[in-house]
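See structure below.
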Amino acid sequence: MTRPYKRIATEEAFMAPLVRDLYSRGIARGAFGDSGFVRMWGTIFTDKNPFIEGLMDIGPLRLAEMERAGIDMHLLSQTAPGLQVLDRDTAVGAMPELNDYLAQAVARHPTRFAGLCSIAPQDPAASAREIERCRGRLGLGGIMINSHTNGEWLDREKYWPIFEAAEASDMPIYIHPQTPMPGLSEFVRQGMEMAFYGFAVEVSTHMLAIIASGALDRFPKLRFVLGHLGEGLPYWLYRFDYMQWHLTRPGIPARPEPRKLELKISEYIRRNVWATTSGMPAPEPIRFAQKQIGEDHVLYAMDYPYQNEPDEVAMTEEALTDSNRKAFWEDIARGLFHIDGPVGA
Ligand code: MN
């Protein structure tokens, strides 16, 4: 029986050999200090790591796993933290080779793979040029940014050239977690600082800070994609709007006062933010997110190879109705990420 829709999974990681070499060499010479990155990745190239084989393969193993799960296409992205832990010159130098590698992998299986452009926010102007090249010459349909860049938040105006290029090229920015900001392991305690809970705290804070900075008044057509069902944001809409109003009332001692924005926080989230399900297949939260930010803003991701659970596909199906099923699995991803051709085997 053929399904009347294709399944596109949109937060699917790979590791380019070039990036693996840069990480290995940097770790070997102590370039990353005692960072979260080293705690997470320091042993991956020496131990028998459960993910490295799946990350390195963009071919038979991945296609077999997709078959097993009933997934027709992976939207590929270089796994976190991408180029964002490297020094500026190394990151900028590696950017074109990494994106060319991805574009070649997509070209070998154009009905099974699409890709997100990697950038080096260490150099916003060079990243802006690479975004244009990724869209125009390489045909990639979106951008991956892995949370902070060497400890800097994304709401700084120095990153606006990236937002400007993304908006002009109609390239959505997927904000993915990476090993946490310094301090987050103290803030999110008891071993929960990474995928357990800390990733959601960090990425949702990035998104809110970008909204609160006024960036979406300057770039109203800019689109962001968050994994993990929007990193908790759909649950908070009422309180965001209440506090945005409350904290600017006369006599309320908020310092600094929130910036005046053109819209309510919830209106930016409904207009500019999309949520993928990566690793969050429970039906009730999916329906809730659809209700809060719109059925046209919630789409599928598996989070391969980190949470490669074929059973979760059936669980996810339970959340959907016949009227939104095709949109969730296929059409929203096609529209967001410029996936125009045939999809599937
Ligand atoms: Mn992921």
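Just so you know, these numbers use all the heavy atoms, side chains as well, and skip hydrogens, waters and symmetry mates. Numbering of ligands and ligand atoms starts at 1, following listing order.
The nearest N/O/S atom of Asp303 to the Mn ion (ligand 1) is OD1. Of all N, O or S atoms in Glu11, the one lying closest to the Mn ion (ligand 1) is OE2. The Mn ion (ligand 1) is closest to atom NE2 of His176 (considering only N, O or S atoms).
Taking the six-membered ring where the residue is Trp, Trp160 and Phe219 present perpendicular rings, their angle passing 60° and hence far from 30°.
Residues Asp217 and Tyr268 have side chains that bring a donor and an acceptor to within less than 3.5 angstrom of each other. Defined by atom type and a distance below 3.5 Å, a donor-acceptor pair is present between the side-chain atoms of Ser147 and Glu202. Between the side chains of Glu132 and Ser169, no donor-acceptor pair is found at a separation under 3.5 Å.
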